[in-house]
Peer 1: 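Take this structure, written in structure tokens, and hold onto it; I'll ask about it next.
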Amino acid sequence: MNRRFMLFAAIVAGVLVALTASNIRYSPWTNTVARTVDQRGPLADAERANIELFERVSPSVVQVAARSAAANPLAEDEGGGAGAASGTGFVWDNDGHVVTNNHVVQNGSEVAVRFASGEVAQAEIIGAAPNYDLAVLRIRSARKMPPPVALGSSSELKVGQSAFAIGNPFGLDQSLTSGIISALKRRLPTSSGREITNVIQTDTAINPGNSGGPLLDSAGRLIGVNTAIISPSGSSAGIGFAVPVDIVNRVVPELIKNGRVPTPGIGIIAASEAVATRLGVEGVIIVRTAPGSPAERAGIRGVDFNSGALGDVIVQVDGKPVHRLSDLTDQIELVGAGKSIRIGLKRGSQARDITIDIVDISRS
């Protein structure tokens, strides 16, 4: 018994010596109350700016839920494939209009929005533009509408400037992410088969559920509507896209007024910029023309797939050089359906100018 006691005492003495050597003091009567919180200094300017932006804009950002009448109300699918979809929207004006993506609500017969305050209100779809992946909702009743999101301009954007997104990724409401504008003048296919031009590319985290939400500049102004990501996994991989606000500001008033918006065009299918670059061609390569379109009637020729020979290349529009498709579509949308433009064509070594009508290609 004495030997055991002596062994235990030796072990305890060794531990105490080790603790003393390492300047560690231990007492069974150590104070167990919570530690005092250290006061931090003032927030950095960038932090204060981010907080102010979120607090000012987030009340005007809503969660949008759409479902078909036959869908399970407990189902949730951002793409709407299961008859239910969840996304984001934002207050457009003081008349109860909310803007979101068309693909969020396109399969829904019943739509509801949830405000930052937690209030839920029913809404109706009053207009949709699949060619621009935009839709406008009208709130049927709400206790108090938040203020509209301030508008910026996408024509003034520069690659490298800050960008912010507020939305509901994966159904988690009122999330803020930040990044930069990583590219401009991208082309984005839509579910209607048409491409949106001048699309904004950003590395701001955009995930399923962010669709239809606002992309903002550092002043909290709307510069785009978040609409898509490129990711094998379906989650943010640093490449997100937003419909530029200059297009939104043209399309949304038409949707509010008429429920639809004309899509001006001349009826051409163009090759990608990558193809033009590989071929060493500067301009818009015509792949083919749509049957019965102004381009077909004007005799514009597409690629000969049997021989692989190029047809016409558009190199000018209304006296301005055309380097890429967005140069052409910008001018077409500026002029509008029902009018005409003058385009310069190059076929081999031959060049010619023609005047061609602009029509509403959404009807064809």
Peer 1: Keeping Arg250 on the side-chain end and Val252 on the backbone end, is there a donor-acceptor pair under 3.5 Å?
Peer 2: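 Pair absent, no side-chain N/O of Arg250 close to backbone of Val252.
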
Peer 1: Nearest 0.5 angstrom please: Ile343 CD1 to Asp353 CG, how far?
Peer 2: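 If we round to the nearest 0.5 Å, Ile343:CD1 and Asp353:CG are 9.0 Å apart.
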
Peer 1: Shortest non-hydrogen contact from Ile200 to Leu215?
Peer 2: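 Scanning both residues completely, I find the closest heavy atoms to be CG2-CD2, 4.0 Å.
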
Peer 1: To the nearest 0.5 Å, tell me how far Ile314 CD1 sits from Arg324 CZ.
Peer 2: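 If I round to the nearest 0.5 Å, the distance is 15.0 Å.
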
Peer 1: Tell me if the CD atom of Glu47 is crowded by more than 12 foreign heavy atoms within 6.0 Å.
Peer 2: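 Above 12, so yes.
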
Peer 1: Under 6.0 Å from the CZ atom of Arg187, do we count more than 12 heavy atoms belonging to anything else shown?
Peer 2: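 Atom CZ in Arg187 is packed in, count exceeds 12.
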
Peer 1: I'd like to know if the side chain of Ser60 reaches the main chain of Pro147, judged simply by a donor and an acceptor atom lying under 3.5 Å from each other, with no hydrogens or angles considered.
Peer 2: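 Answer holds: yes.
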
Peer 1: Taking the side chain from Thr88 and the backbone from Gly209, do they hold a donor-acceptor pair closer than 3.5 Å?
Peer 2: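 Side chain of Thr88 to backbone of Gly209: a pair is present.
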
Peer 1: Looking at CG of Asp318 and OG of Ser340, how far apart are the two atoms once the value is rounded to the nearest 0.5 Å?
Peer 2: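 These two atoms lie 8.0 Å from each other.
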
Peer 1: What pair of heavy atoms forms the shortest contact from Ile125 to Val105, and how long is it?
Peer 2: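 Where Ile125 meets Val105 most closely, the heavy atoms are CD1-O, 3.6 Å.
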
Peer 1: Ignoring hydrogens and angles, tell me if any N or O in the side chain of Asn249 forms a donor-acceptor pair with the backbone of Asp246 under 3.5 Å.
Peer 2: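 Flag not set: sc Asn249 to bb Asp246 has no pair under 3.5 Å.
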
Peer 1: So does Asp360 pair up with Arg260, basic N to acidic O under 4.0 Å?
Peer 2: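 So Asp360 pairs with Arg260 through a salt bridge.
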
Peer 1: So, for Ala205 and Asn210, which heavy atoms are closest and what is the spacing to 0.1 Å?
Peer 2: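 The pair with the smallest heavy-atom distance is O-OD1, 4.3 Å.
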
Peer 1: Considering only NZ, NE, NH1 and NH2 on the basic side and carboxylate oxygens on the acidic side, decide whether Glu52 and Arg56 come within less than 4.0 Å.
Peer 2: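 Counted as a salt bridge, because a side-chain N and a carboxylate O are separated by less than 4.0 Å.
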
Peer 1: Quick one: CD1 on Ile196 to CZ on Arg186, what's the gap to the nearest 0.5 Å?
Peer 2: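 Separation between the atoms: 15.0 Å.
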
Peer 1: Ignoring hydrogens and geometry, is there a side-chain-to-backbone donor-acceptor pair from Thr204 to Thr177 under 3.5 Å?
Peer 2: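 Here the side-chain-to-backbone pair does not exist.
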
Peer 1: Mark yes or no for whether Asp217, through its side chain, and Gly220, through its backbone, hold a donor-acceptor pair below 3.5 Å.
Peer 2: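 Looks like yes, one N/O pair under 3.5 Å.
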
Peer 1: Can a donor-acceptor pair be found, under 3.5 Å and without considering hydrogens, that links the side chain of Thr227 to the backbone of Ala242?
Peer 2: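 No, because the side chain of Thr227 does not come within donor-acceptor range (under 3.5 Å) of the backbone of Ala242.
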
Peer 1: Do other residues, nucleotides or ligands put more than 12 heavy atoms under 6.0 Å from the CZ atom of Arg35?
Peer 2: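 Open.
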
Peer 1: Quick one: do Asp312 and Arg347 make a salt bridge, cutoff under 4.0 Å?
Peer 2: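 So Asp312 pairs with Arg347 through a salt bridge.
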
Peer 1: So if you build clusters from Ile, Leu, Val, Met, Phe, Trp, Tyr with side-chain heavy-atom gaps below 4.5 Å, do Leu325 and Val199 land together?
Peer 2: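 Per the 4.5 Å side-chain linkage, Leu325 and Val199 are not co-clustered.
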
Peer 1: Go through it in stages, so that I can follow the logic: the residues are Asp327 and His323, the test is side chain to side chain donor-acceptor pair (under 3.5 Å), and I'd like the CA-CA distance, side-chain angles, deciding distance and then a yes or no.
Peer 2: CA-CA 7 Å; Asp327 296 331; His323 303 292; 5.2 Å; no

Peer 1: Please say yes or no: joined through hydrophobic side-chain contacts below 4.5 Å, possibly via intermediate residues, are Val335 and Ile266 part of one cluster?
Peer 2: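 Same cluster.
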
Peer 1: Side chain of Asn102, backbone of Gln106: donor and acceptor closer than 3.5 Å?
Peer 2: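 No, Asn102 side chain to Gln106 backbone: no donor-acceptor pair under 3.5 Å.
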
Peer 1: Please name the pair of heavy atoms, one in Pro262 and one in Glu254, separated by the smallest distance, quoted to 0.1 Å.
Peer 2: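 Closest pair (atom of Pro262, atom of Glu254, distance): CD-OE1, 4.1 Å.
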
Peer 1: Output the distance between atom CG (Leu188) and atom OH (Tyr132), rounded to the nearest 0.5 Å.
Peer 2: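 Separation between the atoms: 13.5 Å.
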
Peer 1: Okay, side chain of Arg301, backbone of Gly311: is any donor-acceptor separation there less than 3.5 Å?
Peer 2: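 Such a contact is absent between Arg301 side chain and Gly311 backbone.
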
Peer 1: Over all heavy atoms of both residues, which pair between Ala112 and Gln122 is shortest? Give the atoms and the distance, please.
Peer 2: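 In terms of heavy atoms, the two residues are closest at CB-NE2, 3.8 Å.
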
Peer 1: Taking the side chain as C-beta and beyond, is there a heavy-atom pair between Val91 and Val149 under 4.5 Å?
Peer 2: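 No, their side chains stay 4.5 Å or more apart.
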
Peer 1: Does some side-chain heavy atom of Asp95 sit less than 4.5 Å from a side-chain heavy atom of Ile256?
Peer 2: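 Side-chain contact under 4.5 Å: no.
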
Peer 1: Counting N and O atoms only, with roles assigned by atom type, does the side chain of Asp133 sit under 3.5 Å from a partner on the main chain of His103, one being a donor and the other an acceptor?
Peer 2: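 Confirmed, Asp133 side chain pairs with His103 backbone.
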
